[in-house]
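Each ligand, and each atom within it, is numbered from 1 in the order the structure gives.
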Amino acid sequence: MASVSAYPDVMEKLVSLCKRRGFIFQSSEIYGGTGSVWDYGPLGVELKKNVKDRWWHSMVRERDDIEGIDAAILMHPRVWEASGHVAGFTDPLIDCKNCKRRFRADDPTIKGTPGSPDAQCPVCGSKGTLSEPRLFNLMFKTFMGPVEESAAIVYLRPETAQGIFVNFLNVQQSSRQKVPFGIAQIGKAFRNEITPGNFIFRTREFEQMEMQFFVEPGTDEEHFEYWKERRMEWHKALGLSPERLRYKPHDQLAHYARAAADIEFDFGGSLGFQEIEGIHNRSDFDLGRHQEYSGKKLEYFDQPNNRRFVPFVIETSVGADRTTLALLVNAYREEEVPGESEGRTVLGLTPAIAPIKAGVFPLVKKDGMPEMATRVADDLRRAFPVFFDDGGAIGRRYRRQDEVGTPFGITIDGQSTQDGTVTIRDRDTLQQVRVAADQVKGYIAERIA
Ligand code: GAP
């Protein structure tokens, strides 16, 4: 479990900022909300897209040994028998017969042994009302076709990985890849979590970015170490503070794993260090099981050595939403501003992932400044997201952009209409430089690359 962190708990403030500024809203809010399901607003969708694009770029575009796919969410029901999810993707669940709340069996707030008269419900406080733990499968079930009969039961996938395993030969043969090579995918996954919470940390619908790297048995350990390091570097390059990141080896391995390590981020407060990504050596478990259940060979033909084998798999599995939350937590700060009475809230997101790259502000609404500012904004908008704001005092307009992480503020003032220059304010240092209007795009592009 998490230890109390040295970093402050900013979750409540973030939830409020995210709603107010259009990052993240509770799903179906006007109906009272849906439990642990969230919608991304205009700024949130840009931020999460930047995270996914960075991942896709580093895993697929920059490499010639990883191919991308986009498999369907609905899969043949036998997939989930082969993967072990039907039998084993369960959490032990406890019910309170009095208040009807549900808890995971390992909930530390439960006093006594559930099922016995001394056990006490942590919510309503009644004694002897907690059931014995029973296993609860986390997969969402639905029906395919018009008749709701058991033969037509399908599941919403609880991980994207299985779409990769079942397509192993399709991808390998069509792209003529040789082992070692990988397949990567970004997509939605669904889990009927018993105790979701902490905003978008644990939700019932989320996005995963998963990559399975198929290797020759016997070389798996070196590939595992390689991917552990690569993935940690990626999180640092995204802007997560190195001192808030760590590896956590698994003491207990999942049924499929020979080795596993998590990359954890310190979310602050009582949540502390928590997993954001898992790196697993899954051996030949998955391909072996799919061979067994489908009756189709999933072997790789190693032509030079004229032999066939079932590859081992090194998996990297990271949540897009959880990484987005880590970035928001990492970036949030409140600070004094030298020489000003009012402090400011800043999201110190790296320019590359900030949802808006520049705010464009005419100093006043006259003397040709709004027209010039509109021209500058229209020109920049073709290259990256910008926000035009001509309302209110300039200080307040800067603050509004600081709060959503916009790294640059471009102001068109009296001098601009005379000599064609503008000022560019840096969100973090507050320094301003004067730049020719036609150089602004290059200036910003260089810094968001
Ligand atoms: N294929 C392996 C797999 O799914 P996992 O550790 O269960 O492994 C991988 O999930 C990542 O997916 C986690 O590190 C986390 O970032 C994300 N994730 C898992 N369950 C989640 C949930 N309920 N809400 C948000 N993200 C979740």
Problem set entry | From K13 atom NZ to E334 atom CD, the distance as rounded to the nearest 0.5 Å | 3.5 Å
Exercise. Is the F181 ring parallel, tilted or perpendicular to the F168 ring (thresholds 30°, 60°)?
Worked result: parallel
For this session: Number the atoms of ligand 1 from 1 as they appear, then name those within less than 4.0 Å of a heavy atom of R282, with their elements.
Result: 1 (N), 2 (C)
For this session: Could you tell me whether D262 approaches ligand 1 through its side chain, its backbone, both or neither, with non-hydrogen atoms closer than 4.0 Å?
Result: neither
Exercise. Using a distance-only test with no angle check, is there a side-chain donor-acceptor pair under 3.5 angstrom linking N330 and S241?
Worked result: yes
Problem set entry | For C18, the option from F25, W38, F23 that meets side chain to side chain contact (heavy atoms under 4.5 Å, CB included) | F23
Problem set entry | Centroid-centroid distance, Y226 to F224, less than 6.0 Å | no
Exercise. So is I200 polar-close to ligand 1, meaning N/O to N/O under 3.5 Å?
Worked result: no
For this session: Report yes or no: does D321 have a heavy atom closer than 4.0 Å to ligand 1?
Result: no
Exercise. Between R397 and D389, is there a donor-acceptor pair closer than 3.5 Å when you use the side chain of the first and the backbone of the second?
Worked result: yes
For this session: Taking only Lys NZ, Arg NE, NH1 and NH2, and the carboxylate oxygens of Asp or Glu, determine whether E193 and R204 approach each other closer than 4.0 Å.
Result: no
Problem set entry | atom 10 (O) of ligand 1: the protein heavy-atom neighbour that sits closest, reported with distance to 0.1 Å | Q208 NE2, 3.4 Å
Exercise. Which part of E210 is near ligand 1, with near meaning a heavy atom under 4.0 Å away: side chain, backbone, both or neither?
Worked result: side chain
For this session: Answer yes or no: does an N/O atom from R191 fall short of 3.5 Å to an N/O atom of ligand 1?
Result: yes
For this session: With heavy atoms only and a cut-off of under 4.0 Å, state how R322 meets ligand 1: side chain, backbone, both or neither.
Result: side chain
Exercise. Hey, does G319 come in under 3.5 Å of ligand 1, counting only N/O atoms on both sides?
Worked result: yes
Problem set entry | Donor-acceptor side-chain pairing of T160 and E210 below 3.5 angstrom | yes
For this session: Provide the number and element of each atom of ligand 1 under 4.0 Å from a heavy atom of E275.
Result: 6 (O), 13 (C), 14 (O)
Problem set entry | Heavy atom of the protein closest to atom 9 (C) of ligand 1 (residue, atom name, distance) | S317 OG, 3.0 Å
Problem set entry | Check: S36/T203 side-chain N/O donor and acceptor closer than 3.5 Å | no
For this session: Identify, for atom 24 (N) of ligand 1, the protein heavy atom at the shortest distance, and state residue, atom and that distance.
Result: T203 N, 2.9 Å
Exercise. At the 4.0 Å heavy-atom cut-off, does E205 count as touching ligand 1?
Worked result: no
Seminar exercise, completed: Taking only non-hydrogen atoms of F201 and a 4.0 Å limit, the atoms of ligand 1 in range are 24 (N), 25 (C), 26 (N)
Exercise. Of all the non-hydrogen atoms in the protein, which one sits nearest to atom 26 (N) of ligand 1, and at what distance?
Worked result: F206 CD1, 3.6 Å
Problem set entry | Pairwise side-chain contact, R231 with V318, heavy-atom cut-off 4.5 Å (strictly under) | yes
Problem set entry | Residue E315 vicinity, atoms of ligand 1 by number, heavy atom under 4.0 Å | 1 (N), 2 (C)
